[in-house]
Amino acid sequence: MTNIIQLIQNQVTKGVKALYQTEFSAADVPINTTRKEFEGDYTVVVFPFTKAARKGPEAIAAELGEYLVREVPEIDRFNVVKGFLNLVIQDTYWKDFLLDISQDGHYGQQPPNGQKVMVEFSSPNTNKPLHLGHIRNILLGWSTAQILEAVGYEVVKVQVINDRGIAICKSMLAWQKYGNGATPASTVTKPDHFVGFYYVQFEQHFKQEYHDWQQSAEGQDVYTKLRKAEETTDDFFKRYKNTYFNEYSQLGQEARSLLLAWEAGDEQAVALWKTMNGWVYSGFETTYHELGVTFDQLYYESETYLLGKEIVEQGLAKGVFYTCEDGSIEADLTEAKLDKKKILRSDGTSLYVTQDLGTAHQRYKDFGVDKMVYVVADEQNYHFQVLFELLKRLEEPYADGLYHLSYGMIDLPTGKMKSREGTVVDADDLIAEVVQEVTYNSEERDTLSEVSEDEKAEIIHQVALAALKFFIMKVHPQKRMIFDPKESVDLQGQTGPYIQNAYVRIQSVLRKWDGTATSQASAYQQLAAEEKELILQLFAFPEVIQEAAKNYDPSNVAQFVYNLAKNYHRFYHEHSILSADTEAARDFRLALSQAVAHALKLGMQLLGIEMPNRM
RNA sequence: GGCUCUGUAGCUCAACUGGAUAGAGUACCUGACUACGGAUCAGGAGGUUGGAGGUUCGAACCCUCCCAGAGUCACCA
């Protein structure tokens with residue numbers, strides 16, 4: 001079946017040439033869906049032709065309209081409002097289209113395109129449990145992966161686990177000092193929370209130690225020497241905290257020597273590290289399972305943090321990097337407005353970029369991917385600009401396929417989330433809260449009395465996660481979003497459950513239908529406005545997915561499924577399906593409902609949201 | 001201070017990438033079928049798109065300058 005939009009654009013090009021002797025490329029013909037207040041399906045904007053035609057827009061629109069109705073059988077009629085040519089497509093075109101796709105179990109998806117893309121997301125530190133920020137990251141990454149798969153890519157989902165460094169050593173040290181041999185099992189604590197508890201323990205003891213030091217002679221001495229003129233005492237000690245940790249703190253000293261011991265392969269340190277990380281992984285696994293996400297490959301920082309030195313050699317050979325007087329190595333990116341960037345310390349040890357250069361190269365060797373997408377918060381925009389610029393200069397084969405899916409951080413109605421101030425929303429708590437809310441709600445509604453307890457629990461989980469996920473996914477990634485826990489459990493209006501409800505209604509109708517074998521749908525005569533609206537939306541579905549893939553923007557799909565559900569609810573309210581006036585109408589509406597259900601289910605799947613059959 | 005991003009109804013978000021009278025949800029008010037699921041539907045009210053200029057047939061969107069907020073500018077990650 002020919003794509004009606006392209007057909008119109010092509011014919012407009014021909015028409016413009018025939019009428020005004022001007023070339024105008026089909027792709028540049030501006031075409032939109034017609035606004036509701038006017039009659040029509042698609043609207044061609046004719047202003048761009050006024051110069052060549054040397055006529056007023058109304059005249060051009062009228063002439064083009066006549067030309068199109070004459071030349072294109074699918075176009076039934078037209079009307080002109082100012083410079084806008086509104087076209088009405090034949091109902092039969094839409095009916096044929098609908099019957100076509102209602103047989104197609106893959107409508108919306110594209111065949112494999114032979115390209116491979118890697119999507120990196122989540123990438124947690126192993127010293128504390130996952131929080132709301134991770135949830136946005138995980139959902140965006142997962143959804144992007146699904147969307148890329150739907151448009152034909154082979155997708156490799158990976159996460160980097162930041163399992164080494166000073167942070168985990170803090171948890172380790174605190175456990176050694178204050179743990180008394182406790183384990184997640186002995187305390188009946190979710191294991192990642194257990195480890196996180198000791199991280200907090202460390203911070204609290206450190207805070208106390210720092211506080212005491214501030215009162216000491218040494219502390220006072222430093223304060224009087226280094227305080228800036230206009231600085232308050234609080235500001236000074238806030239600023240100085242890092243230096244204190246590195247130069248004076250006993251706890252800092254101990255944590256660092258634990259890190260050194262680990263780096264030197266000290267048996268005890270490594271054993272403890274393995275144990276505690278093991279706890280964290282099993283905790284993460286539970287959360288990932290709740291969220292319904294999986295990975296194809298894990299990269300552990302402990303195994304990759306030394307990578308990148310080879311690439312530094314190559315960079316030096318290629319003249320992309322140079323050695324400074326003190327022996328450190330850097331790259332000059334001032335031309336790209338990115339300033340100079342250190343690649344290697346003067347003692348020869350590597351930095352964050354060095355690691356990332358190395359792992360990018362490694363991944364290419366492992367998977368031979370054409371593209372790599374990094375889902376990382378926007379605080380790292382600069383880092384990725386630098387990384388990509390460097391990889392480009394190093395002439396890595398995948399350098400043109402790199403994309404940083406940068407997303408805004410989440411704020412709470414009360415302000416920013418800060419782990420130091422304990423205002424972070426924990427992922428597990430949040431999920432539990434939404435599930436609780438849906439459970440109450442479901443009991444009130446009492447619609448699930450017929451299903452088994454297991455099934456009921458599963459449905460409640462699906463509805464709860466739909467609420468949470470959709471709430472996050474409907475917002476454009478780039479935008480900082482405000483997360484109001486109260487609104488995130490809403491089940492009405494522009495929400496995940498609202499969309500699920502449209503799907504559930506369809507399933508309910510289909511269950512009640514006795515299933516006549518022969519369909520009279522093609523005999524259906526005139527499309528109602530609500531029906532046509534739905535068909536036009538279904539028609540746009542594949543393009544919506546492709547746009548979402550092109551722009552790495554799942555919110556696009558979220559807006560689409562919401563609108564589709566909304567229009568279905570309206571249609572459902574206005575028209576009877578099973579007791580329609582004619583068999584033709586009934587069968588047509590059944591086919592329409594099935595097609596809508598398919599699109600809703602696929603669209604939500606692309607967002608990582610499951611659809612229940614009842615709720 | 002330099003660079004980047006954001007600013008749209010009281011609140012949370014859209015706007016097909018320059019198209020018609022800027023749309024949804026929420027909160028508030030008013031209604032709806034003895035009906036296939038009321039987690040629904042319809043209506044009302046709510047806007048100088050942060051401000052000022054400019055570009056053009058047309059600007060929330062592009063340009064310039066301001067205002068406000070955020071991020072970032074390490075031999076940290």
Using a 4.0 Å heavy-atom cut-off, does [X] contact any base of the nucleic acid, only the sugar-phosphate backbone, or nothing at all?
X: A/Lys337; result: nothing
X: A/Val544; result: nothing
X: A/Arg570; result: sugar-phosphate
X: A/Gln500; result: nothing
X: A/Val475; result: sugar-phosphate
X: A/Leu351; result: sugar-phosphate
X: A/Met481; result: sugar-phosphate
X: A/Gln478; result: sugar-phosphate
X: A/His383; result: nothing
X: A/Thr43; result: base
X: A/Ile482; result: sugar-phosphate

(Q) Only pairs with both distances under 3.5 Å count, Watson-Crick or wobble alike; so what is the partner of B/rC3 in this structure? (A) B/rG71
Base of [N], side chain of [X] - is there a donor-acceptor contact under 3.5 Å?
X: A/Asn86; N: B/rA20; answer: yes
X: A/Ser555; N: B/rA14; answer: no
X: A/Asn551; N: B/rU17; answer: yes

Rounded to whole Å, please give me the gap between [atom1] in [X] and [atom2] in [N].
X: A/Asp411; N: B/rG69; atom1: CG; atom2: C1'; result: 10 Å
X: A/Tyr498; N: B/rA24; atom1: OH; atom2: C1'; result: 10 Å
X: A/Leu333; N: B/rG2; atom1: CG; atom2: P; result: 21 Å
X: A/Phe539; N: B/rC16; atom1: CZ; atom2: C1'; result: 14 Å
X: A/Phe470; N: B/rA24; atom1: CZ; atom2: C1'; result: 11 Å
X: A/Gln380; N: B/rG71; atom1: CD; atom2: C1'; result: 11 Å
X: A/His573; N: B/rU40; atom1: NE2; atom2: P; result: 12 Å

Given the [atom1] atoms of [N] and [M], what is the spacing between them in whole Å?
N: B/rG23; M: B/rG1; atom1: C1'; answer: 40 Å
N: B/rC66; M: B/rG47; atom1: P; answer: 31 Å
N: B/rA22; M: B/rU6; atom1: P; answer: 23 Å
N: B/rG50; M: B/rA70; atom1: C1'; answer: 15 Å
N: B/rC76; M: B/rC62; atom1: C1'; answer: 39 Å

Q.
By the definition side chain to side chain contact (heavy atoms under 4.5 Å, CB included), identify the one residue from A/Val438, A/Ile460, A/Asn501, A/Thr447 that meets it with A/Met615.
A. A/Asn501
Q | Presence of salt bridge, A/Lys170 and A/Glu203, under 4.0 angstrom | A |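 Looking at A/Lys170 together with A/Glu203, the answer is yes, because their closest N to O distance falls below 4.0 Å.
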Q: Answer yes when A/Lys55 and A/Glu63 have at least one side-chain N-carboxylate O distance shorter than 4.0 Å, and no when they do not.
A: yes
Q: Report yes or no: is the cationic atom of A/Arg164 (NZ for Lys, CZ for Arg) closer than 6.0 Å to the six-membered ring centre of A/Tyr305, at no more than 45° off its axis?
A: yes
Q | Contact state string [nucleotides 55-65 of chain B, B base, S sugar-phosphate only, - no protein heavy atom under 4.0 Å] | A | --B--------
Q. In this structure, which one of A/Glu444, A/Glu437, A/Glu443, A/Arg445 forms a side-chain hydrogen bond (donor to acceptor under 3.5 Å, both in side chains) with A/Asn441?
A. A/Arg445
Under 6.0 Å between ring centres, would you say that holds for [X] and [Y]?
X: A/Phe49; Y: A/Tyr20; answer: no
X: A/Tyr568; Y: A/Tyr503; answer: no
X: A/His404; Y: A/Phe388; answer: no

